[in-house]
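Working notes, structure below.
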Amino acid sequence: MQEILISRRLLLAGFASAVAAAPLRARAQGRASVLVLGMDISDGRNYDPARMSDLTPPLTNGNVYDTLVTLHPGDYATIQPMLATEWGLTQDGKAWRFHLRKGVKFWDGGDFTAEDVKFSLDRMVNLKDQPSAYASNVKSVDIVDSHTVDIVMNDPDVPLLMNLVAPAFAIYSKKLSTAQGAVSGPGADKSDKATAWLNQNSAGTAAYRMVSWERNSAVTLARNPHWWGGKAPFERVVIRHIADGAAQLLALRRGDIDAAFNLNAEQRASLTGSSDLRVEETASLDHIYMTLTSSAELNKALASPEARRAVAYAIDYDGIINGLIGGSAVRPASFLPIGVGGSTAELTQQDGYRQDLDKAKALLAAAGLPGGFEFEMSIANAAILGTNYQIIAQKIQSDLARVGIKMSLKPLDPVNLRTLYNGGKTQSVITFWNTPSPEPSLWSTASVQRVAKRVHWDVPQAMHDLVARASTARSSSEQTKLYIEYQKNLIENANYITLMQPIYRIAVSNKIKDFNATGAGWYVEMKKIRPS
Amino acid sequence: MTRYIVMRILSALIMALLATLVVFLIATQVPADPVLAQLGDLQASDPNMVAAYREKWGLDQPIWYQYFVFLQGLVQGDLGISLATHRPVVEDIVQYAPATFELATVSFALALAVAIPLGIAAAVKRDSWIDHVARVIAMLGVSAPTFWLAFIVLALFYGGLQIAPGPGRLDIAVFPPQRVTGLYLVDSLLSGQWETFTNAAAHLVLPSIVLAASVVGMLMRTVRAAMLETLTQDYIRSARAKGLSKATIVLRHALPNALIPIVTLAGIAYAILLTGAVMTETVFSWPGLGLYTFRSAVALDFPALMGITLIVAVIYLFINLVVDLSYTVIDPRVVTE
């Protein structure tokens, strides 16, 4: 959540496209057995699964650890087996019972059992570091037998299963990690000593294992000889830190890396027609949204729902997505990304905001503000998808001016902005939202609780009830219906205006195939990538 | 002389401490909450987790006490634990400093190797073509933005001509040498890995050219100006009258007398190179102090920022001291007391 993309990249983009497409250098001998991914990984502070909290470490951890259950790329609703082959609620409904896969070994050859599940999840909870917040519904982890485990919930009405797909719920070897000082019981936050080791090594069952992390330089993975899925295609995987998109593009053209993650629209456009390189894409589950406060103290006009809706109907959404970020985004109707909780592009078409200046003017008149009004938008000095927030804000500014709404811009350092926004002291901001797993209640609950406070929205009890009913709905059609009603309410209320849901576009060399990009949180399924 | 050095070191230490106080006061007065730079959205909304975080990192203490704790640690050579990396700041700095030191030192050598001969030539052949060429190089070096120049050389020599290696300190296939000093050039020689040495040296070429460009103009113009001044002195005319060769006059008579401003500026240039490599390090993905400083500032990581400030202050003060002491060697007429 703290990733800062420097606006400089915008300037560099032009030069990147100016460089003639250089022939790819012949791959040095031995390079074919190494997969090299280029990415800005300077945000990473911890690779210990129980402490990891930044945006890029899940690329590593999602590929060196397995979780009990998982999601396949593109389908963020169907939970798939991984270390657990079957699962279901216990008879009393208070716990999930998991039947574990047999014959699975850790990379050191040790057997995987229910002990390891209990150890990993207990340690996550008792370390009390950031990931423990995602396990707040875990009451206890009980071993039934060597290959059966129960996860007992504090509140059976709060969803848990979907959270378990997040890389933070990685399962690691009790034997390997305790040998390095790992502790899982109460007081682990004081006595655990394993983080230093887990920052350099992994202790999982996945296709690859981590063998080193040189800060701001590279993460290196090696093939797990005991992987239960067979033989991983590459001997080594190197995640190379290259901060700059333009430099990533050069390295990709030279054949020094096989995939570049941080290219902006112009840089990707320069690949069109290349026979050596292609662009892989997958919708992310993140979204970028704009807020409008309900507080009359902060802005008298914005306290009126009609005035807020007037803003929403004056914005040229397609112009932002196509003109500013090269079409690399879709747009959900409101606070649930497309692909989650029944949110679809059709719903946006039907019920979402669209630019309609006449409607905006009518809404202004209804709000008693026919001549428009003024408000201030705070934005971070940062960028998203290679595009400055400031440029997006300027576009909105000019759109709003067409109906007489004057929006002034206040650029701030990202942490200053977050402090003011979280403290409920901003009239309007542009910011982004991401979650550790595609559990819809991670969006919906936040939008009526902590995020609602930031915009001074006094959420009616009926709305709280609606969100609670949606998150506990047992059938998916019932859930979809409730979440659509939820989104319609948010649209009517107009405290949140979702601007876009980015599509990850990754430039990939044709020397590799089956590049399974995923929006579920770990970017790509490395175990499936193979040399062409 | 000894007394002079001791006094200088003492005053330098006091200056360094004052610098940390200034940074500390600025950092704590920024209207931003460091907890929000460290915790995720869900975590930051949990009062228990926020309180535990503040307590763990001492952020719940009064500001003066936080500074006192910093000073207390400092006396024992402990700069505290970084809020962002959760490692001792000393450990972080020791990890990142060698990469920056190696880059800055090679850049410095390169800058001197270009600036001194060109500056001398420009002064001796004033208003000739070589003077004009030197002026153009100086102008380009000073006016080209570092990130722009960095990208141009990378695109040209790495992407286009393919004669230079890309970002990073080593190729992917080359493993870092056994760490002794953290300087790859030194460590690879110590362990006898010639291939690693040449690889590391090749990776240094482009970033050090870019970094050197930022100071080469300044150095060259100083050399030229200092030389021009000494070349008009009476003793130079006397030397000419004695029939000494031009090389002897320039190198033995003029240059030593022009050295004081040159050395002063060279000291400043070296300090600039050591502390100002953020842009170069970013484009070349160089894992040095520049990137660490940037990340720490963005994350409001007080302990790391204080540690970096202290290091930067010490670098400047130490280089200034060395420069001042070198005056007595360059010009025996200068006396320290």
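Throughout, a chain's letter reflects where its sequence line sits, starting with A, and its residues are numbered from 1. In this text, all values refer to a predicted model and were calculated from it rather than measured experimentally.
For B/Q95, the part lying under 4.5 angstrom from a heavy atom of chain A is the side chain only. Using a 4.5 Å cut-off between heavy atoms, B/R169 touches chain A through its backbone atoms (N, CA, C, O) alone. The contact between B/D33 and chain A is made by backbone and side chain atoms together, counting heavy-atom distances below 4.5 Å. If you measure heavy-atom distances from B/L300 to chain A, the contacts under 4.5 Å come from the side chain alone. Only the side chain of A/N46 has a heavy atom closer than 4.5 Å to any heavy atom of chain B. Residue contact with chain B, scored on non-hydrogen atoms closer than 4.5 Å, involves the side chain of A/V238 exclusively. The contact between A/S132 and chain B is made entirely by side chain atoms (from C-beta outward), counting heavy-atom distances below 4.5 Å. Using a 4.5 Å cut-off between heavy atoms, B/A150 makes no contact with chain A at all. Heavy-atom distances place no part of B/Y53 under 4.5 Å from chain A, backbone and side chain included.
Highest contact tally toward chain A, considering only B/S45, B/P176, B/A99, B/G166, is held by B/S45 [criterion: heavy-atom pairs under 4.5 Å].
Atom CG in B/D171 sits 6.5 Å away from atom CG in A/D256 (nearest 0.5 Å). Taking CG from B/L39 and OG from A/S53, the interatomic distance works out to 8.0 Å, rounded to the nearest 0.5 Å. Atom CG of B/L42 is separated from atom OG1 of A/T435 by 10.5 Å, given to the nearest 0.5 angstrom. Note that OG1 of B/T85 and CZ of A/R45 are 9.0 Å apart. Values are rounded to the nearest 0.5 Å.
Under the 4.5 Å side-chain criterion, counting only non-hydrogen atoms from C-beta, A/D43 is in contact with B/R295. Looking at heavy atoms from C-beta onward, B/D41 lies in side-chain contact with A/R450 at the 4.5 angstrom threshold. Contact annotation: the side chain of A/N216 never approaches that of B/W286 to less than 4.5 Å [non-hydrogen atoms, C-beta and beyond]. For the pair B/F151/A/L250, a side-chain contact is recorded, criterion being any heavy-atom separation below 4.5 Å from C-beta on. Contact of the A/R215 side chain with the B/Y96 side chain is registered, since non-hydrogen atoms from C-beta on lie closer than 4.5 Å. For the pair A/R253/B/Y158, no side-chain contact is recorded, criterion being any heavy-atom separation below 4.5 Å from C-beta on.
Of all heavy-atom pairs spanning B/M49 and A/K128, the tightest one is CE-O, 3.6 Å. Across every non-hydrogen atom of A/D129 and B/H86, the tightest pair is OD2-CE1, 4.3 Å. For the residue pair A/E214 and B/Y184, the shortest heavy atom distance occurs at OE1-OH, 4.0 Å. Closest approach of A/R240 and B/G168 over heavy atoms only: NH2-CA, 3.4 Å. The two residues B/L291 and A/S42 have their closest heavy-atom pair at CD2-CB, 4.4 Å. Summarising the geometry of A/I242 relative to B/P167, their closest heavy-atom pair is CG2-CG, 4.3 Å, with the distance given to 0.1 Å.
At most 12 non-hydrogen atoms from other residues, nucleotides or ligands lie less than 6.0 angstrom from CD of B/Q178. Within 6.0 Å of the CD atom in B/E91, the count of heavy atoms belonging to other residues, nucleotides or ligands exceeds 12.
Using a distance-only test at 3.5 Å, with no hydrogens or angles considered, a donor-acceptor pair links the side chain of A/Q130 to the main chain of B/G40.
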